[in-house]
Amino acid sequence: MFLKKHRGRILERLGLRLPHLPVRQGPVIWIHALSVGEVTSALPLVKAIRESIRPGRIVFTATTRSGKELAERLIAPHVDLVLFSPLDFPCAVRRCLDAIRPDLFILVETDFWPNWLRLLRRRQIPAMLVNGRISEKSFTSYRRFAFFFKPMFRCFSLLSMQTAQDRDKMLALGI
């Protein structure tokens, strides 16, 4: 937390310095992407959602500094707010959920955040995975530690996978 690369974003990632959204009108959608690649791939989705939910609010988060910087250039014209994602600590996620108050959460990556997903489910906020993929290495880990991963994957209302092979791996896991 005290490394130079984290300075300037740690308070936001702990949910302690979050700007307020404008007055709520219509649904609020929270879209999260990890870094540059996921931010870039999210642009068509963000544009399509923006067109379909007027009025409505879109909050976009990214985990890395480079991802947020790109989102501020590429995504910001189409959303209401761009933030750093909260750390996967229950208190940080709760603060973020309280500030954003999303009606839907969309994850554009395959780095999973157990506390986010658990708290979204507890609040009955649907969670979607878009552009999902599973490498062979990850599939082996998911199968070996199914007691942990199956409940986490079941927090999603929808898993939209990249390929039929990725879908089949999810089915093989019992999801």
Side-chain angles (χ1 to χ4, degrees), residues 1-22 24 27-50 53 56-121 123 125-135 137-138 141-142 149 152-153 155-156 159-162 166:
M1 290 172 44
F2 299 102
L3 297 175
K4 184 178 178 181
K5 72 178 189 173
H6 297 297
R7 281 189 213 134
R9 63 180 172 158
I10 196 66
L11 290 178
E12 190 173 308
R13 296 211 60 206
L14 287 170
L16 297 172
R17 194 184 70 196
L18 296 171
H20 293 284
L21 274 171
R24 184 182 176 113
V28 176
I29 298 176
W30 177 6
I31 303 171
H32 174 69
L34 180 68
S35 191
V36 171
E38 294 84 3
V39 169
T40 303
S41 73
L43 182 59
L45 175 66
V46 168
K47 286 180 175 180
I49 290 172
R50 171 53 61 207
I53 66 156
R57 303 279 181 234
I58 302 172
V59 176
F60 192 91
T61 58
T63 302
T64 66
R65 187 178 307 278
S66 58
K68 185 174 185 245
E69 288 170 358
L70 181 62
E72 288 170 340
R73 289 193 314 272
L74 196 65
I75 303 288
H78 310 286
V79 301
D80 299 283
L81 194 57
V82 174
L83 298 169
F84 278 115
S85 62
L87 294 170
D88 195 36
F89 300 151
C91 59
V93 176
R94 273 194 294 276
R95 284 187 202 108
C96 204
L97 286 170
D98 290 344
I100 296 172
R101 297 178 327 216
D103 296 298
L104 174 66
F105 175 76
I106 301 174
L107 182 63
V108 186
E109 61 165 290
T110 51
D111 281 344
F112 302 107
W113 309 97
N115 287 312
W116 284 20
L117 294 169
R118 183 178 54 79
L119 289 169
L120 286 162
R121 184 174 189 148
R123 292 185 184 207
I125 299 166
M128 295 172 52
L129 171 67
V130 297
N131 207 25
R133 65 187 184 284
I134 301 177
S135 68
K137 182 178 177 183
S138 293
S141 295
Y142 296 161
F149 288 106
M152 185 182 69
F153 286 129
C155 289
F156 285 102
L159 294 166
S160 178
M161 307 306 288
Q162 286 183 7
D166 293 313

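Computed from a predicted structure; not experimentally measured. Heavy-atom basis, side chains included; hydrogens, waters and symmetry copies ignored. Numbering starts at 1 and runs along the sequence shown.
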Problem set entry | Val130 vs Leu45, side-chain contact (heavy atoms from CB on, under 4.5 Å): CA-CA, chis, key distance, verdict | CA-CA 9 Å; Val130 297; Leu45 175 66; 4.0 Å; yes

Exercise. What residues form a salt bridge (charged side-chain N to carboxylate O under 4.0 Å, His left out) with Asp111, not counting sequence neighbours?
Worked result: none

For this session: Decide yes or no for Val59 and Leu83: does some side-chain heavy atom of the first lie under 4.5 Å from some side-chain heavy atom of the second?
Result: yes

Exercise. Taking atom CD1 of Ile29 and atom CD1 of Ile125, what is their separation to the nearest 0.5 Å?
Worked result: 12.5 Å

Seminar exercise, completed: dist Met128:CE -> Ser160:OG (nearest 0.5 Å) comes out at 7.0 Å

Exercise. Are Leu97 and Pro102 close enough that some pair of their side-chain heavy atoms sits under 4.5 Å apart?
Worked result: yes

Problem set entry | Worked verdict on Thr40 versus Leu43 for side-chain contact (heavy atoms from CB on, under 4.5 Å) | CA-CA 6 Å; Thr40 303; Leu43 182 59; over 6 Å; no

Exercise. Which heavy atom in Val28 sits nearest to a heavy atom in Ile100, and how many Å separate them?
Worked result: CG1-O, 3.5 Å

For this session: Please round to the nearest 0.5 Å and tell me the distance separating atom CG of Asn115 and atom CZ of Phe89.
Result: 9.0 Å

Exercise. Which heavy-atom pair separates Glu38 from Ala33 by the least distance, and what is that distance?
Worked result: CB-CB, 3.6 Å

Seminar exercise, completed: What one should report as the nearest heavy-atom pair of Gly67 and Ala62 is C-CB, 3.7 Å

Less than 3.5 Å apart, which donor and acceptor atoms pair up between the side chains of residues 71-78 and the rest of the protein, not counting sequence neighbours?
unit_1	atom_1	unit_2	atom_2	d
Glu72	OE2	Lys68	NZ	2.9

Exercise. Checking side-chain contact (heavy atoms from CB on, under 4.5 Å) for the pair Phe84/Thr63: CA distance, chi angles, key distance, verdict?
Worked result: CA-CA 6 Å; Phe84 278 115; Thr63 302; over 6 Å; no

Problem set entry | Chi angles and distances behind the side-chain contact (heavy atoms from CB on, under 4.5 Å) call for Phe60, Val39 | CA-CA 9 Å; Phe60 192 91; Val39 169; 4.0 Å; yes

Problem set entry | With sequence neighbours excluded, residues passing salt bridge (charged side-chain N to carboxylate O under 4.0 Å, His left out) with Arg123 | Asp98

For this session: Verify ring-ring contact (aromatic ring centres under 6.0 Å, His included) between Trp116 and Phe105, making sure each step is shown before the conclusion.
Result: CA-CA 10 Å; Trp116 284 20; Phe105 175 76; 5.5 Å; yes

Exercise. For Ser66, what residues pass the side-chain contact (heavy atoms from CB on, under 4.5 Å) criterion, not counting sequence neighbours?
Worked result: Ser35, Val36, Thr64

Problem set entry | Leu129 side chain near Met161 side chain, heavy-atom distance below 4.5 Å | yes

For this session: Flag the pair Asp88 / Pro114 as yes when at least one side-chain heavy-atom distance between them is below 4.5 Å, and no otherwise.
Result: yes

Exercise. Do Thr61 and Ile31 touch side chain to side chain, with heavy atoms closer than 4.5 Å?
Worked result: no

Exercise. How far apart are the closest heavy atoms of Asp166 and Gly132, and which atoms are they?
Worked result: OD2-O, 3.8 Å

Exercise. Under 4.5 Å between any side-chain heavy atoms of His32 and Val108, yes or no?
Worked result: no

Problem set entry | Side-chain H-bond candidate by donor/acceptor type, Ser135 with Ser138, under 3.5 Å | yes

For this session: With sequence neighbours left out, write down each residue that passes side chain to side chain donor-acceptor pair (under 3.5 Å) with Gln162, or none if nothing qualifies.
Result: Asn131

Exercise. So, do Phe112 and Phe153 have ring centers that fall under 6.0 Å from each other?
Worked result: yes

Exercise. Looking at residues at least two apart in the chain, or sitting in another chain, which of them share a salt bridge (charged side-chain N to carboxylate O under 4.0 Å, His left out) with Arg50?
Worked result: Asp80

For this session: Please examine the side chains of Arg94 and Leu119, heavy atoms only from C-beta on, and report whether any two atoms are closer than 4.5 Å.
Result: yes

Exercise. Taking side chain as C-beta onward, heavy atoms only, is Ile134 less than 4.5 Å from Tyr142?
Worked result: yes

